[in-house]
Amino acid sequence: MKSRPRLRLRWAAALWLGWATCAQAQLASFAEVRAAHRVSDFTLLDRRGEPLQTLRLDHGRRVLDWVPVERVSPRLLHALLLGEDRRFYEHSGVDWSAAAGSAWANLWNQRTRGASTITMQLAGLMDADLLRPAGGRSVGQKLGQAALALRLERSWSKAQILEAYLNLVPLRGELVGLNALSQTLLGKHPDGLSAEESVLVAAMVRAPNAPAAQLGQRACGLLQQIQAGQQTAKDAQPRCDALIGQAQALLAQRPGRALGESWAPHYARQVLRADGPPRQRSSLDAGLQRYAVGLLRTQLAELSGRNVEDGAVLVLDNASGAVLAWVGSSGALSAAAEVDGVLARRQPGSTLKPFIYAQAIEKRLITAGSLLDDSPTQINTPAGLYLPQNYDKEFKGYVSARSALGNSLNVPAVRLTAMLGVDQVFERLNALGLALPETSGFYGLSLALGSSDVSLLALSNAYRSLANGGVFSPVPVKLAAPSAAPVKSSAGRRVVAEGAAFIVGDMLADNNARARSFGLDSVLATRGFAAVKTGTSKDMRDNWCLGYSQRYTVGVWVGNASGESMHGVSGVSGAAPIWAGLMRYLHKDRPSVAPSPPAGLLHQQLEFAEQREPARMEWFMPGTAQSRLLATAQMRENAQQGIANPRDGSIFALDPDIPPQAQRIRFEGEGGLWVLDGKPLGRGKRLSWAPWPGQHQLQLMDERGRLRQAVSFEVRGASLKQSTAAKAASARTPAL
């Protein structure tokens, strides 16, 4: 057995070492401790600093914003000091009388309140070496804790010590600090705690994980001491029963529940950084965001019974591309609220048509006044015959391009895509940021009717490109500057000719042009300028409304995240009311003004043959303007003639592995005599020809022998030896 003198010497050495270590260790200042405070819940602010969304990022602990002591309920401060450190304002860090009493009780194996002051407990929280282990602190750690407490009292004020303790003290389960406990379990900020809530919190500081009955009893004892002389012993037991019941209700709460505002969860996930500041400013507008959420939920409630529960809304600033509102879902109305409808890919329906018309106008294939044929047709595709129809299953005959786009006619859009070529349309849509996931051949001519999958974000930004005169720039989905300065737009690139973008915008803003399908008083009619287009995908699975004003682009999607079809919901009844409501909100103080036409465009009177449409002023790209006198005759000629296939400059490739007799090129047009390389082939609207390598010129003649149209094309491939009989057979190919 070791001798008593040697044992005392080791005890003394341990005590001195613990005291000396803490006495010489560097002491952090109050400002440094507060600055090092890291929260588990991050808050997204709008552009003006207003809270919009709180997200839980650290699931190991729950720590909220630092709370100043002046924002803590005086009732709680009183209860806490009464239960933990009655002489807090009298001692200098160590309560020597309490320490002596505790030592004497421990000597006689009696249970008593610990002698650690609030300052000593704070010292243990600040120094990892002084953290209380499961078996309790050693004597050396206790002395080190006392030494650090004395230093804290000399460097910090009592208010700073109390404030730091309230923010750093571990409480029940994962909760750290008074703010986390108060907001998570009590649902209120620390400055609003009642007397009963205050004593319950103070009791939890002493025994964080105690059962409800023990917690309630201790809280009851504290409350009785606070209200000594104000109640009789007869009233004490009912008060304790009530506190025990309240403690049971508190402990039944789920600590991991969401806190704070919840208006933009999907956007917050896009921009919040785990290593960023606890409160991050974004480009969102809080008022607009809340209004958009309310509009979406109200509209879906209006559509109850029509099997529709989801929707998404996006509002962009035209100039900068900044996101002003981002509503990813309908929230509690949705069975898939976590799915972000702004980013999810869906079929866009007719909302792609404006880009096709803009491309055709840009290439001067049509003008806004050109008559397009809206009649039944069948188009050969690799997958078979394609028979486009209109939404109402009716055909309108020859209509102007303005009317065809305004009334969202399908056949003219498909014909324009065939004229442009699917590859060219596909490339244009990708240049506008749609990032179509398949190849042009996969979609074929159905691309004109929105058979591809796009996101609301990409589609809205493509419309924003039209609003910016055909210049594309990406959406800066990132945090705004802390000063709330406007987000600067990244360098853009021109995708659509400025004149074509202006003309299509004018067509989309023309309420008269869409009156045939939507009426003059539809929800799409706005007080000021706004270009808008609706769309509905196959089987009514997706419903869209996209459009822009002078300053803003608004995109709305309504449907089901599951992909189920809606019942009787169209663009004008589903998404359009939300779009219109947002446009009214955005321009409630200043109506939108139409953009100025770019240089070179001509605005002149146009009349139509047989009064197909009323005479009007029409916009024309340079070199495409038609005089009033020529308009009638020229529209009739353009409506009656032309070669649909092949297009001028087409290139066909022969496959040497396929028998020559199995390879054919089909000529299609308005009908007449087909002449190839100066030799008549036959009559009709369609003609099948066995291809021959080389450059060829194809002509289409009318019944009077006048040239309707001529195109050149090329056939490439293996050198084929064609027999005289084969040549003769080719020359005698009948019309189909």
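We're numbering straight along the sequence, starting at 1. Below, each value reflects all heavy atoms present in this structure, side chains not excepted, and no hydrogens, waters or symmetry copies.
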Next on the checklist: I need the L284 CG to L44 CG distance, nearest 0.5 Å.
Outcome noted: 6.0 Å

Checklist entry - Between CD of E618 and CZ of F620, what distance do you get to the nearest 0.5 Å? => result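 Answer rounded to 0.5 Å: 5.5 Å.
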
Item to check | Counterpart residues, salt bridge (charged side-chain N to carboxylate O under 4.0 Å, His left out), relative to E362 (two or more places apart) | outcome: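 Once residues adjacent in sequence are excluded, the partners of E362 under the salt bridge (charged side-chain N to carboxylate O under 4.0 Å, His left out) criterion are R428.
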
Does the side chain of [X] reach to within under 4.5 Å of the side chain of [Y], using non-hydrogen atoms?
X: V532; Y: R514; result: yes
X: S451; Y: K538; result: no
X: L45; Y: L52; result: no
X: L409; Y: L372; result: no
X: L316; Y: N461; result: yes
X: R402; Y: R616; result: yes

Next on the checklist: Parallel, tilted or perpendicular: which one describes the rings of H603 and W619, with boundaries at 30° and 60°?
Outcome noted: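 Judged by the thresholds at 30° and 60°, the geometry between H603 and W619 is parallel.
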
Next on the checklist: Ring centroids only, cut at 6.0 angstrom: are Y552 and Y585 within range, meaning strictly under it?
Outcome noted: no

Item to check | Shortest non-hydrogen separation from V475 to V323 and the atoms involved | outcome: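 The answer is CG1-CG2, 3.6 Å.
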
Next on the checklist: Can you give me the closest heavy-atom contact between G369 and S400, atom names plus distance?
Outcome noted: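 Scanning both residues, the minimum pair turns out to be O-CB, 3.9 Å.
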
Checklist entry - Just by modelled atom types, is the N307 backbone N or O under 3.5 Å from a matching donor or acceptor in the N560 side chain? => result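 Side chain of N560 to backbone of N307: a pair is present.
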
Item to check | N/O donor-acceptor pair under 3.5 Å between E309 side chain and A335 backbone | outcome: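 Looks like yes, one N/O pair under 3.5 Å.
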
Check this for me: does any side-chain nitrogen of one of [X] and [Y] sit under 4.0 Å from a carboxylate oxygen of the other?
X: E50; Y: R290; value: yes
X: R464; Y: D317; value: no
X: E613; Y: R516; value: no

Checklist entry - Does R493 CZ have over 12 foreign heavy atoms under 6.0 Å away? => result yes

Next on the checklist: Please tell me whether S334 and S329 have a donor and an acceptor in their side chains that are separated by less than 3.5 angstrom.
Outcome noted: no

